[in-house]
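We number each residue from 1, following the sequence as shown. Note: hydrogens, waters and symmetry copies are ignored here, and every other heavy atom, side chains too, is used.
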Amino acid sequence: MSIDYPTELAGRIAALDTIASVLPMDRRDELAELLTDQDIETLRHLVNEGMGANTLRALTSDLAYLQAWSLASTGKSLPWPAPEALLLKFVAHHLWDPQKRLTDPEHGMPAEVEDKLRVQGFLRTVGPHAPDTVRRRLATWSTLTKWRGLSGAFASPALKSAIRLAVRATPRPKKPKSARAVTGDVLAKLLATCSSGGLRDIRDRAILMVAFASGGRRRSEIAGLRQEQLTVEPPIAVEAGPPLASLAIHLGSTKTTGADHDEVVYLTGRPVDALNAWLEAAKIDGGSVFRAIDRWGNVSRRALDPKAVNDIVKQRVEMAGLEAGEFSAHGLRSGYLTEAANRGIPLPEAMEQSRHRSVQQASSYYNNAARRTGRAARLL
């Protein structure tokens, strides 16, 4: 059944459809209502300029949140450039003291603003936002202002002071993305839950094995993987047994590379077999590799949402009898490096597969593994 949209809204929907491949289009109609024509034109420009899909999705998400917040708190779309008072209001609404809120209900984000954002699905947390989230959204706001050829008050002493004082008043311990790494022993337990031969088990087994063995790929990279990125490589000869299937994954531009750089990682053996089993079972001969499966066993034509990859990891963790709250999809990334360290694989070799750019970040997993198994931890 077709829906008759107002002419202005229909135009924005049509414009968003032209960049559907890199935007969260499950919220297309909502984005069309929130964003202005100039917002959408800016996004289309960035797509044409080759901005990475992950960066553009994050920017669009932040812009949609900022527009929703502005409408909820002021009744108007974001002004360009934003006055300093509005920036300070944004900080006050998102970084506040829970203790003071107990005695002053007006402290922090007003209840009516919070309710509007929660109903729209933009606000899921309870309590003040993480300082890093607030800083990122302000940075997005600042960047979009500059792209419009305007200057804002984002570097004003008053704004910097407000953020510094707010963060100091609401200390939050920094939490790792995944409390526990999905190392080889944990991965084996998760794979054991994928043994029924059903379509979901075949898919989830392939997701877990591909994400881990390809260097701990990010959930966005797994969700966005397309068959066009896969290249069959010559089999790898081994001494005791038949040759192992080999596959190259062309990642294109990633979080840590430029738009014109093509990152390549390789799969060998069991992960390739698991991936081929899924492609055959789901009858996928092009397009998105990992897709949703409905209750009747039908495979969608659309790619999985990155959040669904995280949900799959947590579901398999729970099925394996482990604590779901202790793991996330990022645990596959940290787990790959931790497992490489445990097996004595040289750090540069592991980084070639994980595509980490920071030696300091990657080596932290190695240092932790060495400390845990080293002599210094076994003096008694």
Side-chain angles (χ1 to χ4, degrees), residues 175-225 230 244-245 247 249 265-282 284 288-295 297 299-300 303-343 345 350 353-356 362 365-366 368-369 372-373:
K175 297 181 180 179
K177 294 181 180 179
S178 181
R180 288 186 59 187
V182 180
T183 48
D185 56 337
V186 176
L187 181 63
K189 294 178 181 179
L190 305 191
L191 294 176
T193 70
C194 306
S195 58
S196 74
L199 205 54
R200 289 181 191 276
D201 280 3
I202 295 173
R203 180 199 64 186
D204 292 1
R205 181 180 181 82
I207 287 175
L208 292 170
M209 295 190 78
V210 170
F212 183 90
S214 60
R217 300 268 53 85
R218 300 176 182 89
R219 61 184 184 177
S220 58
E221 293 170 332
I222 291 298
L225 186 64
L230 308 178
L244 301 177
L247 194 70
I249 300 179
V265 295
Y266 297 92
L267 294 179
T268 302
R270 291 172 57 213
V272 179
D273 296 337
L275 178 57
N276 288 335
W278 159 246
L279 294 173
E280 182 179 351
I284 295 174
S288 299
V289 170
F290 295 117
R291 310 178 184 187
I293 303 170
D294 66 23
R295 70 179 72 178
V299 178
S300 171
L304 276 180
D305 185 272
K307 180 181 179 299
V309 176
N310 195 53
D311 292 341
I312 287 169
V313 171
K314 286 185 172 293
Q315 181 185 36
R316 294 296 171 176
V317 166
E318 193 169 319
M319 292 173 67
L322 304 174
E323 179 54 54
E326 294 184 358
F327 296 92
S328 71
H330 186 264
L332 292 165
R333 186 158 177 78
S334 60
Y336 172 83
L337 284 175
T338 303
E339 187 66 24
N342 289 337
R343 298 191 187 188
I345 296 174
Q353 186 75 340
S354 70
R355 309 312 297 168
H356 274 84
Y365 301 110
Y366 276 68
N368 289 341
R372 183 176 63 81
T373 60

Mind running side chain to side chain contact (heavy atoms under 4.5 Å, CB included) on Val182 and Tyr336 for me, showing each step along the way?
CA-CA 7 Å; Val182 180; Tyr336 172 83; over 6 Å; no
Strictly distance-based, threshold 3.5 Å: is any side-chain N or O of Asn310 a donor or acceptor partner for the main-chain N or O of Ala329?
yes
Quick one: pull up CG in Leu279 and CD1 in Ile284 and give me the separation to the nearest 0.5 Å.
5.5 Å
Heavy-atom pair of closest approach, residues Ser214 and Ala211
OG-O, 3.5 Å
Quick one: does Glu339's side chain have a donor or acceptor within less than 3.5 Å of a partner on Thr183's backbone?
no
Gap between atom CD1 of Ile222 and atom CG of Leu304 - 0.5 Å precision
10.5 Å
Is it the case that over 12 heavy atoms from other parts of the model lie below 6.0 angstrom from the CZ atom of Arg200?
yes
To the nearest 0.5 Å, how far apart are CZ in Arg333 and CG in Leu337?
7.0 Å
Enter the distance from Phe290:CZ to Asp305:CG here, rounded to the nearest 0.5 Å.
15.0 Å
Evaluate Val317 against Glu323 for side chain to side chain contact (heavy atoms under 4.5 Å, CB included), listing each step before the verdict.
CA-CA 7 Å; Val317 166; Glu323 179 54 54; 5.9 Å; no
What do the steps show when you test Leu190 against Gln315 for side chain to side chain contact (heavy atoms under 4.5 Å, CB included), and what is the final call?
CA-CA 9 Å; Leu190 305 191; Gln315 181 185 36; over 6 Å; no
Could you tell me if the side chain of Ile207 sits less than 4.5 Å from the side chain of Val313, heavy atoms only?
no
If you round to the nearest 0.5 Å, how far is CG of Leu247 from CG of Asn276?
7.0 Å
Quick one: do Lys314 and Glu318 make a salt bridge, cutoff under 4.0 Å?
no
Min side-chain heavy-atom separation Ile249-Tyr266 under 4.5 Å:
no
Quick one: pull up CG in Leu208 and SG in Cys194 and give me the separation to the nearest 0.5 Å.
5.5 Å
Shortest non-hydrogen separation from Ala223 to Ala303 and the atoms involved
O-CB, 3.5 Å
Determine yes or no for a side-chain-to-main-chain donor-acceptor pair under 3.5 angstrom, with Arg203 supplying the side chain and Arg291 the backbone.
yes
Would Arg355 and Arg217 count as a side chain to side chain contact (heavy atoms under 4.5 Å, CB included) if you check the C-alpha gap in whole Å, the side-chain angles of each, and the deciding distance to 0.1 Å?
CA-CA 9 Å; Arg355 309 312 297 168; Arg217 300 268 53 85; 4.0 Å; yes
Of all heavy-atom pairs between Ala206 and Ala274, which one has the smallest distance, and what is that distance?
CB-O, 3.6 Å
Does any non-hydrogen side-chain atom of Met209 lie less than 4.5 Å from one of Leu191?
yes
Measuring only between side-chain heavy atoms, which start at C-beta, is Asp294 closer than 4.5 Å to Val299?
no
If I compare all heavy atoms of Asp273 with all of Ala245, which pair ends up nearest, and what's the gap?
OD1-CB, 4.2 Å
For Gly198, is there any backbone N or O sitting under 3.5 Å from a side-chain donor or acceptor partner on Ser196?
yes
Heavy-atom closest contact (Gly197 atom, Ile202 atom, distance)
O-CD1, 3.5 Å
Does the side chain of Arg180 reach to within under 4.5 Å of the side chain of Thr338, using non-hydrogen atoms?
no
Quick one: does any side-chain atom of Arg343 pair with a main-chain N or O of Ala340 as donor and acceptor, under 3.5 Å?
no
Would you call Val289 and Trp278 a side-chain contact if the rule is heavy atoms closer than 4.5 Å?
yes
Whether Gln353 side chain and Ala213 backbone form a donor-acceptor pair below 3.5 Å
yes
Hey, are Asp201 and Arg205 close enough for a salt bridge, meaning a charged N less than 4.0 Å from a carboxylate O?
no
Should Leu230 and Leu275 count as side-chain neighbours, where that means a heavy-atom distance under 4.5 Å?
yes
